[in-house]
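Atom set for the values below is all heavy atoms of this structure, side chains included, hydrogens, waters and symmetry mates excluded.
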Amino acid sequence: MTSAVESNGAIMTGSMSDEEKWSAVISKNAGADGKFYYSVRTTGVYCRPSCPSRAALRRNITFYDTADEAEKAGFRPCKRCRPKGPSKTAIHEAAVARACRLIESAEREPRLAELAKAAGVSHYYFHRLFKAVTGVTPKEYAIARRNQRIRRQLIRSNSVTEAIYDAGFNSSGRFYANSTQTLGMTPTTFRKGGTGMRIRFAVGECSLGSILVAASDKGVCAISFGDDPEILVRDLQDRFPRAELIGADR
């Protein structure tokens, strides 16, 4: 039987066996929160799988699909993990999402303290939390978003200089220092649709839907998300009509 618990702690769709539920409780797997609840006969409370309380003996635990089922059986919600409220994972993801929106809408890169305040946590904890949720640091995320903006602005703006400042760079020198790595080609070549470039690309699936990644020999030149992989490929073709595109690259 395929396990319902993946190696990264996430819970797969489908029913879980009692053994898998017990394993999630023992490991305090936040990925199982909302999938099931468990009650403890000796304390009279019910909890979410990630509850920080000391694990009870297996013989005193009963599993339920919903919080309502646990309450109908006579158990009250645990005051530590608050199983009827949003999970800690959901709270953390919402906090990081607020910080991401702030980064995306800001004209300048927000300071770490500003982002932490928006997330409602200390700036020491925020840095670790942000990386745990997104896989990158706040600064790396800000740089990635700015790089996305410069790619859009190079297509829309009247000149490279105008695109640089519209994308949020403080100086053209700062941009040109890493422009080839940022765009995968020179800014002029990018604006001309990738003239003379060989661009390798591949399409895959991720939690956000379809993802297309394209790169020249000099660096990544496009990362796109969407629901339809064919649309992503057409958008790449429209963006670099003068380049040689090589699909399904390993």
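Of all heavy-atom pairs between P110 and L115, the closest is CB-CD2, 3.8 Å. Contact record, R48 with G85: NH2-O, 2.9 Å, taken as the closest heavy-atom pair. The heavy-atom pair separating P187 from V160 by the smallest distance is CB-CG1, 3.9 Å. The shortest heavy-atom contact between Y46 and A70 is CG-CB, 3.6 Å. Looking at every heavy atom in both residues, C78 comes nearest to C81 through SG-N, 3.6 Å. Heavy atoms only, all atoms of each residue included: Y64 and S39 are closest at CE1-OG, 3.2 Å.
The neighbour count for R98 CZ, taken as heavy atoms of other residues, nucleotides or ligands under 6.0 Å away, is above 12. When the shell of 6.0 Å around CZ of R152 is examined, it contains more than 12 heavy atoms from other residues, nucleotides or ligands. The number of heavy-atom neighbours closer than 6.0 Å to CZ of R59, taken from other residues, nucleotides and ligands shown, is 12 or below. For R101, the CZ atom is densely surrounded, since the number of other residues' heavy atoms within 6.0 Å is greater than 12. In this structure, K28 places its NZ atom where more than 12 heavy-atom neighbours from other residues, nucleotides or ligands lie under 6.0 Å away.
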Could you go step by step and tell me if L183 and L154 meet the side-chain contact (heavy atoms from CB on, under 4.5 Å) rule? CA-CA 10 Å; L183 302 174; L154 281 170; 3.5 Å; yes

side-chain contact (heavy atoms from CB on, under 4.5 Å) evaluation trace for H92 with V121: CA-CA 10 Å; H92 287 171; V121 298; 6.0 Å; no

Mind running side chain to side chain donor-acceptor pair (under 3.5 Å) on R145 and Q148 for me, showing each step along the way? CA-CA 5 Å; R145 297 300 296 183; Q148 286 183 331; 2.9 Å; yes

When you look at T137 and H127, which way does the side-chain contact (heavy atoms from CB on, under 4.5 Å) test go after all the steps? CA-CA 7 Å; T137 67; H127 193 275; 3.9 Å; yes

Check step by step if side-chain contact (heavy atoms from CB on, under 4.5 Å) holds for F190 and S179. CA-CA 10 Å; F190 191 96; S179 61; over 6 Å; no

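Judged by distance alone, the side chain of E69 and the main-chain N or O of D65 form a donor-acceptor pair under 3.5 Å. The backbone N or O of L232 sits nowhere less than 3.5 Å from a side-chain atom of S224 that would complete a donor-acceptor pair. Without hydrogens or angle criteria, R191 side chain to S157 main chain gives a donor-acceptor distance under 3.5 Å.
Separation of atoms CG (L212) and CD1 (I231) is listed at 12.5 Å; rounding is to 0.5 Å. The CG atom of L236 sits 12.5 Å away from the CZ atom of R234 when rounded to the nearest 0.5 Å. Note that CD1 of I223 and CZ of R151 are 6.0 Å apart. Values are rounded to the nearest 0.5 Å. Atom OG of S122 is separated from atom NZ of K117 by 14.5 Å, given to the nearest 0.5 angstrom. The distance from the CH2 atom of W22 to the OG atom of S27 is 10.5 Å, given to the nearest 0.5 Å. Rounded to the nearest 0.5 Å, atoms CD (E20) and OG (S17) are 3.5 Å apart.
A continuous path of ILVMFWY side-chain contacts below 4.5 Å connects I61 to M16, so both sit in one hydrophobic cluster. When hydrophobic clusters are built by joining Ile, Leu, Val, Met, Phe, Trp and Tyr residues whose side-chain heavy atoms come closer than 4.5 Å, directly or via intermediates, Y125 is grouped together with V136.
Ring to ring, F130 and Y141 are close: their centroids are under 6.0 angstrom apart.
Between M185 and I199 there is a side-chain heavy-atom pair separated by less than 4.5 Å. A heavy-atom distance below 4.5 Å is found between the side chains of I91 and P86. Residues F225 and I211 are in side-chain contact: their nearest non-hydrogen atoms beyond the backbone lie under 4.5 Å apart. R200 is listed as a side-chain neighbour of D217, based on a closest heavy-atom distance under 4.5 Å. F240 has its side chain out of reach of M197: every pair of non-hydrogen atoms, C-beta onward, lies at least 4.5 Å apart.
Classified by interplanar angle (parallel below 30°, tilted 30° to 60°, perpendicular above 60°), the ring pair F63/Y38 is perpendicular.
With respect to the salt-bridge test (charged N to carboxylate O, under 4.0 angstrom), the residues K84 and D68 qualify.
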